[in-house]
Trainee: 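Would you mind keeping the following structure in view while I ask a few things?
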Amino acid sequence: MKKLLAIALFATVSGPAVSAAPTGESAPVTATIVNDRAALQRLQRNSGITLQWISFESPARGHVVVRETQPGLYTLSGSQASQTGRGLVMVHGNIVSVDRDRFTFQGRIAINGTPDPDRRCIREGTYEFRVTQNRRYWRLQQMVECDGLTDYVDIYF
């Protein structure tokens, strides 16, 4: 049921975005640059995704899958949906590179219905997730793109 809800909510965020400013134009990714094999394995064994607007109401994390879709190219897809049915974050795209404390992602990050019911934030471009201050997650570094709000998108290991 949650997957159906996530798919339905994702379909609603495919319309016009509040902000869709990519972090830079880049060529399509054909292979992932793996500078740290252990970091890639941590990313593959991740323990979920959160967006703080959703996590305020429940500590439950969403789910993220990292897989090799063709030789040498890794993709990342995941989502976290609100337990109340309002609020969704989804990520989908290619992993450009993986280092010890960061990875670069090229794709789409969609936030819908949170913290405001009518909020729709679609980001498409290249983004960096980084581990800072010995935390147990990678945090999206381009936190402010839509509505001037700061979105903490975290992927845990």
Side-chain angles (χ1 to χ4, degrees), residues 1-15 17 20 22-23 26-114 119-132 135-143 145-146 151-157:
M1 181 66 180
K2 284 185 184 178
K3 285 187 179 183
L4 290 175
L5 174 62
I7 291 167
L9 286 172
F10 187 70
T12 65
V13 297
S14 62
T23 58
S26 16
V29 179
T30 57
T32 301
I33 300 166
V34 180
N35 294 317
D36 189 309
R37 181 73 47 194
L40 175 61
Q41 290 172 346
R42 260 194 324 275
L43 189 54
Q44 289 174 306
R45 293 186 315 262
N46 74 80
S47 61
I49 184 171
T50 63
L51 173 67
Q52 89 275 20
W53 310 116
I54 298 171
S55 297
F56 287 156
E57 70 181 43
S58 168
R61 295 178 186 163
H63 186 70
V64 174
V65 174
V66 174
R67 70 178 62 146
E68 189 174 18
T69 55
Q70 60 188 34
L73 178 63
Y74 292 86
T75 62
L76 182 146
S77 294
S79 66
Q80 180 190 26
S82 168
Q83 300 288 326
T84 64
R86 195 187 115 227
L88 172 72
V89 60
M90 292 189 75
V91 295
H92 179 75
N94 295 318
I95 300 171
V96 177
S97 64
V98 180
D99 293 284
R100 184 179 63 78
D101 63 353
R102 70 188 70 208
F103 72 91
T104 305
F105 165 84
Q106 184 181 78
R108 173 180 257 204
I109 302 170
I111 299 170
N112 189 44
T114 190
R119 183 168 189 235
R120 191 181 292 177
C121 175
I122 309 295
R123 305 173 184 198
E124 292 183 338
T126 302
Y127 300 94
E128 183 178 53
F129 286 78
R130 190 182 298 174
V131 176
T132 60
R135 292 182 171 131
R136 303 281 302 155
Y137 54 82
W138 295 273
R139 174 163 283 169
L140 174 66
Q141 295 302 292
Q142 295 77 18
M143 301 172 202
E145 280 197 27
C146 298
D151 296 310
Y152 296 116
V153 179
D154 299 328
I155 298 176
Y156 291 79
F157 53 89

Trainee: Could you report the tightest heavy-atom contact between I122 and C146, atom names first, then the distance?
Mentor: N-SG, 4.3 Å

Trainee: For the pair Y127 and F105, name the ring-plane relationship: parallel under 30°, tilted 30 to 60°, perpendicular over 60°.
Mentor: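 The rings of Y127 and F105 sit tilted, inter-plane angle from 30° to 60°.
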
Trainee: What are the two closest heavy atoms between V66 and N46, and how far apart are they?
Mentor: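 Nearest heavy atoms, V66 then N46: CG2-ND2, 4.3 Å.
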
Trainee: Holding to side-chain hydrogen bond (donor to acceptor under 3.5 Å, both in side chains), I want the full list of residues that pass it with N35, two or more places apart in sequence or in another chain.
Mentor: D99

Trainee: Less than 4.5 Å apart, any side-chain heavy atom of V98 and any of T32?
Mentor: yes

Trainee: Mind listing the closest non-hydrogen atom pair of Q83 and A60 along with its distance?
Mentor: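 Answer, listing the atom of Q83 first, then A60: NE2-CB, 3.8 Å.
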
Trainee: Which atom names give the shortest non-hydrogen contact between Q80 and S55, and what distance separates them?
Mentor: NE2-OG, 3.4 Å

Trainee: R100: which residues meet the side-chain hydrogen bond (donor to acceptor under 3.5 Å, both in side chains) condition with it, sequence neighbours left out?
Mentor: none

Trainee: Any side-chain heavy-atom pair from R123 and D151 closer than 4.5 angstrom?
Mentor: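 They are in side-chain contact.
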
Trainee: Taking salt bridge (Lys or Arg N to Asp or Glu O under 4.0 Å) as the test, write out the residues that go with E68, two or more places apart.
Mentor: none

Trainee: Contact between R119 and I111 at the side-chain level, heavy atoms closer than 4.5 Å - yes or no?
Mentor: yes

Trainee: Can you check whether R67 reaches T75 side chain to side chain, under 4.5 Å on heavy atoms?
Mentor: yes

Trainee: Would you compute the distance between atom CD of Q106 and atom OG of S97 and round it to the nearest 0.5 angstrom?
Mentor: 11.0 Å

Trainee: Taking Q141 for the side chain and R139 for the main chain, is one N or O donor matched with an acceptor at less than 3.5 Å?
Mentor: yes

Trainee: Using distance alone, with no hydrogens and no angle criterion, decide if R61 and S47 have a side-chain donor and acceptor under 3.5 Å apart.
Mentor: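 Indeed, the side chains of R61 and S47 share at least one donor-acceptor pair under 3.5 Å.
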
Trainee: Do L76 and L43 come within less than 4.5 Å of each other through their side chains, counting heavy atoms only?
Mentor: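 A side-chain contact exists here, since the closest heavy-atom pair is under 4.5 Å.
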
Trainee: Would a 4.5 Å heavy-atom cut-off, applied to side chains only, mark T50 and Y152 as touching?
Mentor: no

Trainee: What's the shortest heavy-atom distance between R135 and F157, and which atoms?
Mentor: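 Looking at all heavy atoms of both residues, the shortest contact is O-CZ, 3.5 Å.
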
Trainee: Do the rings of W138 and F103 sit parallel, tilted or perpendicular, given the 30° and 60° boundaries?
Mentor: perpendicular

Trainee: Could you tell me which non-hydrogen atom of L140 sits nearest to which non-hydrogen atom of F129, and how far apart they are?
Mentor: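 Residues L140 and F129, closest heavy atoms: N-CD2, 3.4 Å.
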
